[in-house]
Amino acid sequence: MTAHQPVRAGILITAWHSLPQALRKLDPRAQVRSPVMFVVWVGSALCTVLAVAHPTVFAWGVTAWLWATIVFANLAEAIAEGRGKAQADTLRRAKRDTLARRLTDEGEETVPAASLAVGDRVVVEAGQVIPGDGDVIEGIASVDESAITGESAPVIRESGGDRCAVTGGTTVLSDRIVVRITTKPGETFIDRMIALVEGAARQKTPNEIALSILLTVLTIIFLLAVATLQPLAAYSGRAQSLIVLTALLVCLIPTTISALLSAIGIAGMDRLVQRNVLAMSGRAVEAAGDVSTLLLDKTGTITLGNRRATDFFPTEGVARADLVAAAYHASLADETPEGRSIVELAGTVLGDPLTRSAALGDVTSSGAEVIAFSAQTRMSGIDLPDGTQIRKGAGGAVASWVRDWGGITSPQAQALADGVAGEGGTPLSVAIRRPGEAPRELGVVQLKDVVKPGMRTRFDELRRMGIRTVMITGDNPLTARSIADEAGVDDFLAEATPEDKLALIRREQAGGRLVAMTGDGTNDAPALAQADVGVAMNTGTSAAKEAGNMVDLDSDPTKLIDIVAIGKQLLITRGALTTFSIANDVAKYFAIIPAMFAGIFPGLDRLNIMRLHSPQSAMLSAVIFNALIIVTLIPLALRGVRYRPMNASSMLSRNLLVYGLGGLVAPFIGIKLIDLAVALIPGLVS
Amino acid sequence: MGEAESALATIGAIVVVLAVVYAPLGGWMARVYTAEKDWWVERAIYRLVGVDPDGEQHWKRYILSTLVLGMVGIVALWLLILVQGRLPWDAGRTGMDWHTALNTAVSFVTNTNWQSYAGETGAGYLVDMTGLAVWNFLSAAMGMAVAAAFIRGLSRSGTDRLGNFWVDLVRSVVRILLPISVVAAVVLVAGGVIQNLTDPVTVHTLTGGSQVIQGGPVASQEAIKLLGTNGGGFFNANSAHPFENPQPWTLFVEMLLLLCIPFSFPRTYALMVGDRRQERPVVGVMAVLYLLTSGLAVWAEIVASHGPTGAMEGKEQRFGVAASMLFGDATTSTSTGAVVASHDSMSALGGGVMLFNMHLGEVSPGGVGSGLYSILVLAVMAVFLAGLMVGRTPEMLGKTIGRREITWASLYVLVMPALVLVGTAVALWVPEARSALQASGPHGLSEMLYAYTSAANNNGSAFAGLASDQPFLNLTLAVAMAVGRFAPIALVLALAGDLAAQQPRPVTEGTMPTHTAVFGVLLFAVTLIVAALTFFPALALGPLAEGLR
């Protein structure tokens, strides 16, 4: 099992393993962090004392279930943390004590990795583990990064450029590199990952803090409501026992959401980790949900990254099939992605079933000579046995070849090429020279950046979610516009320099928008740091990784869209369970208030709309429901509520219906069912 | 016409007139609070008081200004009441004890107008005209000023200034309250409300008995009593007295007066934030709550009319059951506290509706200004709860509802219930206060609960069975009134200050809309649930225990 495949252990097994941890957290010092659960703790302790003093079935029943409420809350947190622990353990194995070969003025010395300092240079050779995070300053090597990314295919790391960053704990598979250490031991990427997945580094996020404040104030309101109820009850001639008042209080304060709050946060981070994204802070995850502008690099994110042949335009008097056939033959020896794509397209047009290599074999065995593409000639081509020469390449190169052989370049071919360029494509000319004839141009092949399939739908989805997409590209504005239109992005930034990017982000932010972007190069670092959500590619430089607040281990820029969804899901889950928790209270009142006072005011029994068996069973059932609902909702808290891209208005209606109305109705049914069982307990009604 | 039909006709007529008044009045108020120019009379006042009308205030300074005015007002009014016997125009009144006078001073300065005294004996014409009537205007204007400042918190960005309290206060009086009051007073005089400075006249009746016929500048005070949602009656019988409210159509006019400003404020809000759609859920929730509770009150009373006198106990023959209940519902839904019938004599559930109107936090439509800012704070709560459910940091009109904002808003929601519940609990526990109850059992509990609910909400109406004119009740109720008025004002201004300082986020498809019907439903639910969860136990032991059989 690699580090980031979801831990599939059944939740029950995880729960069982987490139980000791949950019981350890019964320590009041662990409860102080959540005022709501601390109130429950104090209530439980009070009830225990009262139950010991005056033992009844009812008193012990309530007391036991109050403690169970706390255990269940602890369990939720422990399970969430437990899922991270398994991943942390795998990571720790990668971090086993390694030795480093440090370069000194005299030569080389072997020291423990833990004693390395920033700036040290170390040598790593095939089969050795890289002792710390750093940049390759000498050499090139293939590196196995599966310990971190879970991806078994090795990656190339070389000095200079944007692929120089290496991570401690990964293994060099071939060659020898010199690495300059850039991170102190103990603060390396793996260390941070371990802390993150274990939840140790978790701090409360701004929204979580705001929510905690609301929950605390609600708790104070309910404390007041219950505390002042006693004088009112005494005046009415029915003072209540402390156990009953505690039960009422615990049922009213928002225990459900408080119990699940930290589990929701941990699980949110965990969902990112499972998608191989590391968020450096919970704040970044939350910000992802708030993002309203996405900056996406064109190449690799929106387009496949390679230009592909998309059409053929013959000059006048040339049959299209001739042009296609010529282009096909001229590209057989072209190994570049563009060349391959011409063969592929021409093959489809001509209906040629042969694979490229087979076709190549055919022509070479017939005596033809292929001319491979070279950077000097900027052409590829073929010389057929009958002496016919075909060339394909950049317009200027082909034109000068035509002129060299005494041909005349055609203004129409130039016009075709300009037309292609005008639509954002790249034109390639194709020319032919038959034996004894002057060469002439057959036409142009249109190469285009191909937009990844399904991008338009995703951008439409994003637009429905209120997120603006801006495509960033180094292309000229004409090309950029054409691709932007095709992909369906809202805006584009052409001929973008790092400064332009930074300026764009600042502009968006000044308008109150939160911006997310991806980047990998060192020159992306300022923009990554400025963006509210900056996702650095793991293949990127350490500067980029330092600047961003998330790292994508798969280096897949498209994932930005998933990250936004996860951020939103986290907030939705919190909001939905809060609403559910508060809506629950209505039913609990209808269970407990008649139970408390119907004895003295028989009319109040009309509020007992659930027709609960007895006052004792009603109160106990409400307490049991209050505890069980926490356990029931643990899977939801860990999984997150279902999230589908839709606009805020429809999402609000849907979630209000499910969690608001559902929260209102569910406890009526739940408490009634529990009451049917509780009514069977002997000696409950004393 | 039966009671139910007359109730429907009355409500229908009110809705029609309010619909007509809504746009012009709301629009006018928006102009008042955004106008650049001061009127000459206003400039004269600023010079007189020594205020710089161009000096915009930081939220803390705005709070300080309200507190200063409140404190000075309480002390000045208290002294005026205490020394009235030595001043002219005391109309032979006996005056008040020190604690009654203090209670009265706090009551009128806080727009509560709870009256521990009887108008016929407690306050002379001088106190009426230069004290109580003045504060009827100023306390109402204070609420309106705070509402205007809160709206600015939402509409402005990147500033720490909320406007100038003194300007907002003076403009509220000069441009809104005074003109309408003058017209209304004339209309009321035409309807038979008295306006004179005659001392009480003792007449001998045909049957040989004698009766004291009161005089006084009633109409001028009556108009602002209702328009400013004050409610303090010139006479002890308040709007049930024929000199305050002679006939059914004056009753109708009085209801319109007390409802018109609170119901028009959502338009003012929408215009000031520059988005007309924002008024819909606000005025919608106000109207639905108002109509629902009106219906419930009338229904409860008609169902309760099984005794020999029907449900007429404590009600005026001139008005009947339906109109009395509608008036009661309107005054408890706003912060008026005027009464046309004895709320204590209503059926348990009918009286319970009056209580619950106030437990809602007076948002249906609430007091002048205070109703708007109360419901907007609930809207902030609703935005926070539901905003998370659309997957974004909650925001209202582009302003983020974060840690500080939710702290102010939730503390705001905490204040009133805390005062009501603690006050009621302590009073029921203290023998001195308990002995003031006329009734025992659940109805007695309702009387006490009503007193603290009315005080903490600055309503002022009473379950008159409680003999509240005693030191303990006078003083604790005064505390409830003062804290119930000024703590929420301070919190709402702090909230406004934080909102004004923010840069708004652009509204996108991903923003939770606060102008839709769905948001209206949410706001309605939050308003009901917050009140229900807080007061259900108390209501169960009072009106519900008494009313459910």
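Every chain is numbered from 1 and lettered A, B, ... according to where its sequence line falls, protein lines coming before strand lines.
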Side-chain heavy-atom pair A:I582, B:I529 within 4.5 angstrom cut-off: yes
Top contributor to chain B contacts, counting heavy-atom pairs under 4.5 Å, from A:T578, A:I592, A:T579: A:T579
Pairs of heavy atoms under 4.5 Å with chain B: top-ranked of A:G237, A:A583, A:G603, A:A234: A:G603
Pairwise side-chain contact, B:L414 with A:L224, heavy-atom cut-off 4.5 Å (strictly under): yes
Proximity breakdown for B:A532 and chain A, heavy-atom pairs closer than 4.5 Å: backbone
Nearest-0.5 Å distance that lies between atom CG in B:L421 and atom CG in A:L223: 12.0 Å
Qualifying residue for side-chain contact (heavy atoms from CB on, under 4.5 Å) with B:I406, from A:I209, A:I213, A:V217: A:I213
Close side-chain approach of B:M381 and A:L214, heavy atoms under 4.5 Å: yes
Under 4.5 Å from a heavy atom of chain A, the part of B:L437 involved: side chain
A:F601 vs B:L544, side-chain contact (heavy atoms from CB on, under 4.5 Å): CA-CA, chis, key distance, verdict: CA-CA 9 Å; A:F601 302 121; B:L544 291 178; over 6 Å; no
Nearest atoms (heavy-atom pairs only) where B:P394 meets A:N207: CD-OD1, 3.7 Å
Polar side-chain atom of A:N647 near backbone of B:G510 as donor-acceptor pair, under 3.5 Å: no
Contact listing (chain B partner; residues 564-571 of chain A; heavy atom under 4.5 Å): A:K568, A:L571
A:Y589 side chain to B:L533 backbone, donor-acceptor under 3.5 Å: yes
B:R404, part contacting chain A, at a heavy-atom distance under 4.5 Å: neither
Exercise: identify the closest heavy-atom pair between A:L652 and B:A386: CD1-CB, 3.5 Å
Residue A:S236 versus chain B: region with a heavy atom under 4.5 Å: side chain
Contact leader toward chain B among A:V226, A:D605, A:V641, A:I593, where contacts are heavy-atom pairs under 4.5 Å: A:I593
Interface residue of largest heavy-atom contact number with chain B, from A:R606, A:M646, A:R463, A:M596, under 4.5 Å: A:R606
Min side-chain heavy-atom separation B:T508-A:R468 under 4.5 Å: no
Between CE on residue B:M389 and CE on residue A:M651, distance to nearest 0.5 Å: 10.5 Å
Per-residue contact mode, B:P537 against chain A (heavy atom under 4.5 angstrom): both
Any donor-acceptor N/O pair, A:D290 side chain to B:T393 backbone, under 3.5 Å: yes
Heavy-atom closest pair, residues A:G512 and B:R505: O-CG, 3.3 Å
Residue pair A:L218, B:S410: steps toward the side-chain contact (heavy atoms from CB on, under 4.5 Å) verdict: CA-CA 8 Å; A:L218 280 177; B:S410 53; over 6 Å; no
Extract all donor-acceptor atom pairs below 3.5 Å that involve side chains of residues 513-523 of chain B and protein atoms in other chains or at least two apart in sequence.
unit_1 : atom_1 : unit_2 : atom_2 : d
B:T514 : OG1    : B:Q278 : OE1    : 2.8
B:H515 : NE2    : B:R277 : NH1    : 3.4
B:T516 : OG1    : B:F519 : N      : 3.3

Least distance between heavy atoms, A:L232 atom then B:T424 atom: CD1-CG2, 4.2 Å
Between OG on residue A:S292 and CZ on residue B:R392, distance to nearest 0.5 Å: 5.5 Å
Contact check, side chains of A:L252 and B:F536, non-hydrogen atoms, under 4.5 Å: no
Spacing of CZ belonging to B:R403 relative to OG belonging to A:S212, to within rounding of 0.5 Å: 11.5 Å
Spacing of CZ belonging to A:R574 relative to CG belonging to B:L385, to within rounding of 0.5 Å: 14.0 Å
Heavy-atom side-chain contact between B:P506 and A:R513 under 4.5 Å: yes
Toward chain B, the part of A:F222 with a non-hydrogen atom under 4.5 Å: side chain
Euclidean distance, B:Q503 CD relative to A:Q509 CD, rounded to 0.5 Å: 12.5 Å
N/O donor-acceptor pair under 3.5 Å between A:Y235 side chain and B:G441 backbone: yes
Heavy-atom proximity to chain A below 4.5 Å, by part of B:F384: side chain
Close side-chain approach of A:L229 and B:L541, heavy atoms under 4.5 Å: yes
Top contributor to chain B interface from A:I220, A:I467, A:L607 [non-hydrogen pairs under 4.5 Å]: A:L607
